[in-house]
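Being a predicted model, the structure only gives us computed values, none of them experimental.
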Amino acid sequence: MALTAVKGFNDILPDESGRWQYIEETARQVFELNGFGEIRVPIMEKTELFCRSIGDATDIVEKEMYTFTDKGENSVTLRPEGTAGVMRAFIEHKLYAQDPIAKLYYMGPMFRYERPQKGRYRQFHQIGAEITGVNDPLADAQVLNMLTTFFHEIGLTEPTLQINSLGCPECRPAYRATLRSFLEERMGQLCEDCKRRFATNPLRTLDCKVPGCISATAGAPSVLEHLCSGCDDHFSSVRRYLDLSSTTYSINSRMVRGLDYYTRTTFEMVTGLLGSQSAVAAGGRYDGLISQLGGPTIPGIGFAMGLERIALLLGTKDFASQPDLFIATMGEGERDIAFCLMDGLIKSGVRVEMDYEGKSLKSQMRRADKLKARYSVVIGGNELLSGSASFKRMSDGLLTETVLTVAGIKALVGI
RNA sequence: GUGGCUGUGGUGAAGCGGUUAACACGUGCGACUGUGACUCGCAUAUUCGAGGGUUCGAUACCCUCCAGCCACCCCA
């Protein structure tokens with residue numbers, strides 16, 4: 001058996017990479033318009049970083065990380081998400097000393113040891129963005145608008161924005177206690193998973209899919225009604241800003257987060273087209289994270305989106321670019337001329353292909369067609385003598401006589 | 001991690017104990033010593049995910065492993 005890739009790790013082949021580049025370029029464009037700058041951080045960090053940021057008791061840290069001991073006996077981990085590393089860099093380089101307000105974005109592979117499924121792999125890719133240093137809900141709204149704009153720009157209308165507020169260390173514990181006592185009275189109706197969640201993360205019972213749990217929690221107290229006045233004002237302002245900019249969203253008070261660091265505003269872009277992999281992008285505010293990691297008390301908000309899932313939503317549309325010209329040749333001498341012509345044209349920005357193996361004219365023309373070249377030209381003895389040739393527009397076969405010079409050909413193909 | 005389904009060429013697939021392992025697409029070459037797309041011809045799996053076992057015989061049956069998919073769990 002030939003060697004194969006590691007389970008859950010995929011190759012992105014040339015016919016798909018065009019789509020990926022399109023997603024990445026669109027994100028860069030939209031993010032930079034919003035004033036974000038790219039930060040590139042390592043794909044591996046000390047294990048402790050993730051334990052302290054994501055949370056020791058979360059599923060990600062407990063069972064999904066690629067953690068191992070390196071040759072220097074340090075416990076290191078392949079990043080399961082991007083925010084922790086970005087914030088570590090923000091603190092380590094004291095970026096806040098220059099300006100506490102940083103707007104950063106990143107893209108790259110993340111690693112989680114999960115059972116692979118479509119749209120969910122062990123190495124997957126995220127594009128994320130973070131704003132630090134802004135308490136004002138304006139930042140929340142800008143991030144949400146940026147996300148919405150991004151999806152609009154890549155041509156996807158399907159994922160819809162859902163928002164919620166998780167409160168803060170002031171009000172969340174009280175809500176959690178209220179919810180617990182509500183659940184306690186209905187313990188009998190809950191599924192086994194939810195009985196477990198009752199202890200570990202009671203909020204999770206709110207988005208359980210088991211019918212019994214759905215009816216049992218139907219009248220559960222809503223987080224939004226238990227926010228402290230600060231969180232409540234914040235959330236109202238976020239909504240007001242979204243309304244001001246005509247951003248459409250829905251409120252989902254049952255939306256929960258898998259990472260412990262989130263506070264106040266949380267959100268997801270969800271789709272019904274990817275089965276159980278419905279979240280295409282998600283994020284929220286994390287006001288306590290930076291200080292928790294040993295930095296100053298600076299708030300933050302951000303999100304990450306899953307490239308594999310976005311690529312899936314974009315479908316099989318072809319993003320590959322086609323050659324402008326294919327040069328077919330009749331003999332050895334003509335190949336020399338064609339080669340120099342190709343070289344000159346490429347250097348001046350025309351995408352040119354030619355035959356590599358001295359094949360028959362029939363084969364060369366077939367290849368020109370297969371590569372979807374816009375124009376083709378045959379160079380043989382006649383052309384060598386006259387110094388000009390008939391260029392064929394492949395879409396309709398129209399022939400145009402043009403001199404065999406870089407300038408002449410450029411003018412013809414319109415580059 | 002749990003449960004289930006699947007695994008035949010580059011792709012989509014038929015075959016379900018003994019076949020030259022269909023068919024379609026794709027790919028290559030040719031039908032015309034100088035022009036692609038349509039048409040036609042030829043070629044293209046010593047082999048049926050891997051390894052064992054049952055059998056006179058296994059792509060087909062059994063076991064193990066590997067991989068993919070679906071749901072759960074969880075999440076982007």
Side-chain angles (χ1 to χ4, degrees), chain A residues 1-10 13 15 54 58-64 79-83 107-128 147 159 191-194 196-197 200-201 204 207-210 255-259 267-271 274-284 302-313 326-331 334 355 357 359-384 389-397 399:
Chain A
M1 185 59 171
L3 280 173
T4 56
V6 174
K7 178 174 178 163
F9 286 61
N10 300 123
L13 273 10
D15 26 331
I54 298 170
T58 58
D59 281 17
I60 294 177
V61 171
E62 275 188 346
K63 43 195 200 201
E64 295 176 359
R79 39 132 94 147
E81 61 102 39
T83 302
M107 49 182 74
M110 307 292 161
F111 306 85
R112 253 119 101 159
Y113 193 89
E114 296 182 277
R115 185 90 160 244
Q117 236 172 283
K118 182 179 292 190
R120 180 221 265 195
Y121 306 101
R122 291 184 174 178
Q123 174 177 320
F124 60 102
H125 298 77
Q126 290 190 334
I127 300 180
L147 195 54
C191 69
E192 286 311 305
D193 281 329
C194 283
R196 195 196 74 231
R197 288 170 181 139
T200 58
N201 191 350
R204 279 241 167 264
D207 69 352
C208 182
K209 291 164 197 86
V210 177
M255 186 170 73
V256 213
R257 292 279 69 152
L259 287 67
F267 51 89
E268 285 181 4
M269 294 291 300
V270 297
T271 174
L274 296 178
S276 54
Q277 266 62 53
S278 61
V280 182
F303 64 82
M305 45 200 195
L307 262 78
E308 281 80 0
R309 293 178 186 182
I310 295 171
L312 239 30
L313 290 175
F326 186 94
I327 306 177
T329 55
M330 300 299 296
E334 290 85 347
D355 168 56
E357 298 168 276
K359 294 206 173 162
S360 70
L361 185 60
K362 175 83 168 180
S363 295
Q364 296 186 58
M365 289 306 292
R366 276 187 181 157
R367 185 161 175 79
D369 188 54
K370 189 171 83 173
L371 295 174
K372 297 190 172 74
R374 289 171 49 234
Y375 285 86
S376 70
V377 65
V378 177
I379 299 181
N382 302 341
E383 287 76 14
L384 250 47
S390 283
F391 285 74
K392 182 188 243 186
R393 193 205 279 158
M394 297 298 276
S395 57
D396 58 3
L399 292 168

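- Taking the P atom of each, B:G51 and B:C69 are spaced 23 Å apart, rounded to whole Å.
- Listed pair A:Ser363 / B:C29 meets the phosphate criterion, a side-chain N or O lying under 4.0 Å from OP1 or OP2.
- Nucleic acid contact class of A:Val280 (heavy atoms, under 4.0 Å, all strands): sugar-phosphate only.
- Of the side-chain N and O atoms in A:Ser360, none sit less than 4.0 angstrom from OP1 or OP2 of B:U33.
- As a whole-Å value, the separation of A:Lys63 NZ from B:U2 P is 11 Å.
- Listed for the A:Arg257 side chain is a donor-acceptor partner under 3.5 Å among the backbone atoms of A:Phe267.
- You won't find any donor-acceptor pair under 3.5 Å spanning the side chain of A:Lys7 and the base of B:G68, going by distance alone.
- Residue A:Glu383 is classed as a base contact, given a heavy-atom separation below 4.0 Å to a base.
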| note | The dot-bracket string of RNA chain B, counting Watson-Crick and G-U wobble pairs with both distances under 3.5 Å, using [ ] for crossing pairs and | for pairs to another strand, is ((((((((.[[[..)..(....]]]((((((.......))))))....[[[[[..)....]]]]])))))))....

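- The distance between atom CG of A:Leu13 and atom C1' of B:G10, rounded to the nearest whole Å, is 12 Å.
- The separation of B:G26 from B:A13, taken at their C1' atoms, amounts to 14 Å, rounded to a whole angstrom.
- When each of A:Cys208 and A:Met394 is assigned the nucleotide of RNA chain B bearing its nearest heavy atom, the one mapping closer to the 5' terminus is A:Met394.
- Contact between the side-chain N/O atoms of A:Ser376 and the OP1/OP2 oxygens of B:U35 is not found at any separation under 4.0 Å.
- Side chain of A:Arg79 to main chain of A:Pro109: a donor-acceptor pair is present (N/O by atom type, distance under 3.5 Å, no hydrogens or angles).
- If you take CG of A:Asp59 and P of B:C74, they are 6 Å apart, rounded to a whole angstrom.
- The separation of B:C29 from B:G4, taken at their C1' atoms, amounts to 47 Å, rounded to a whole angstrom.
- Counting non-hydrogen atoms under 4.0 angstrom, A:Ala328 reaches nothing in the nucleic acid.
- Looking at heavy-atom distances under 4.0 Å, A:Gly397 makes contact with a base.
- In this entry the distance linking CE of A:Met107 with C1' of B:A76 reads 15 Å, nearest Å.
- Remark: A:Gln117 is in phosphate contact with B:A71, judged by side-chain N or O atoms under 4.0 Å from OP1 or OP2.
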| task | Take A:Arg112 and A:Glu81 through the side chain to side chain contact (heavy atoms under 4.5 Å, CB included) test and state the conclusion after the steps. | result | CA-CA 9 Å; A:Arg112 253 119 101 159; A:Glu81 61 102 39; 3.9 Å; yes

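- Spacing between atom CZ of A:Arg196 and atom P of B:C72 amounts to 14 Å, rounded to whole angstrom units.
- Going from the C1' atom of B:A21 to that of B:A58 covers 13 Å, rounded to whole Å.
- Checked by atom type and distance alone, the side chain of A:Glu334 pairs as donor or acceptor with a backbone atom of A:Gly381 at under 3.5 Å.
- Here the separation of B:G7 from B:C62, taken at their P atoms, is 13 Å to the nearest Å.
- Residue A:Arg366 has no polar side-chain atom (N or O) positioned under 4.0 Å from OP1 or OP2 of B:C38.
- For A:Arg115 against B:G68, no side-chain N or O and base N or O form a donor-acceptor pair under 3.5 Å.
- The side chain of A:Pro116 lies closest to B:G68 when the candidates are B:G68, B:A76, B:C70.
- Between atom CG of residue A:Asn382 and atom OG of residue A:Ser390 there is a gap of 10.0 Å, rounded to the nearest 0.5 Å.
- Put simply, the side chain of A:Asp193 does not reach to within 4.5 Å of the side chain of A:Cys208, judged on heavy atoms.
- A:Cys194 has its side chain out of reach of A:Val210: every pair of non-hydrogen atoms, C-beta onward, lies at least 4.5 Å apart.
- The backbone N or O of A:Ala373 sits nowhere less than 3.5 Å from a side-chain atom of A:Tyr375 that would complete a donor-acceptor pair.
- Look at the C1' atom in both B:C16 and B:U8: the space between them is 12 Å, to the nearest Å.
- Within the nucleic acid shown, A:Glu64 comes within 4.0 Å of sugar-phosphate atoms alone, with no base atom in reach, counting heavy atoms only.
- Across the P atoms, B:G15 and B:A22 are found 14 Å apart, a figure rounded to whole Å.
- Within the nucleic acid shown, A:Ala368 has no heavy atom closer than 4.0 Å to any nucleic acid atom.
- The side chain of A:Lys209 approaches B:C72 more closely than any other nucleotide in the set B:U35, B:C72, B:U27.
- Nearest heavy atom pair, residue A:Glu114 against residue A:Glu64, reads OE2-OE2, 3.5 Å.
- Between A:Lys359 and B:G28 there is no side-chain polar atom (N or O) within less than 4.0 angstrom of OP1 or OP2.
- Heavy atoms of A:Asn382 sit under 4.0 angstrom from at least one base atom.
- OP1 or OP2 of B:C74 has at least one side-chain nitrogen or oxygen of A:Arg197 nearer than 4.0 Å.
- Here A:Tyr121 lies in heavy-atom contact (under 4.0 Å) with a base.
- The residue among A:Gly275 and A:Ser390 whose nearest nucleotide of RNA chain B is located toward the 5' end is A:Ser390.
- The residue A:Leu259 sits close only to the backbone: its heavy atoms come under 4.0 Å of sugar-phosphate atoms, none of a base.
- No engagement by A:Gly128 is indicated, since no non-hydrogen atom pair under 4.0 Å with the nucleic acid exists.
- At least one side-chain heavy atom of A:Gln277 sits under 4.5 Å from a side-chain heavy atom of A:Gln117.
- Nucleotides B:G57 and B:G17 place their C1' atoms 8 Å apart, quoted to the nearest Å.
- Look at A:Lys362 and you won't find any side-chain N or O under 4.0 angstrom from OP1 or OP2 of B:C29.
- Nucleic acid contact class of A:Gly8 (heavy atoms, under 4.0 Å, all strands): sugar-phosphate only.
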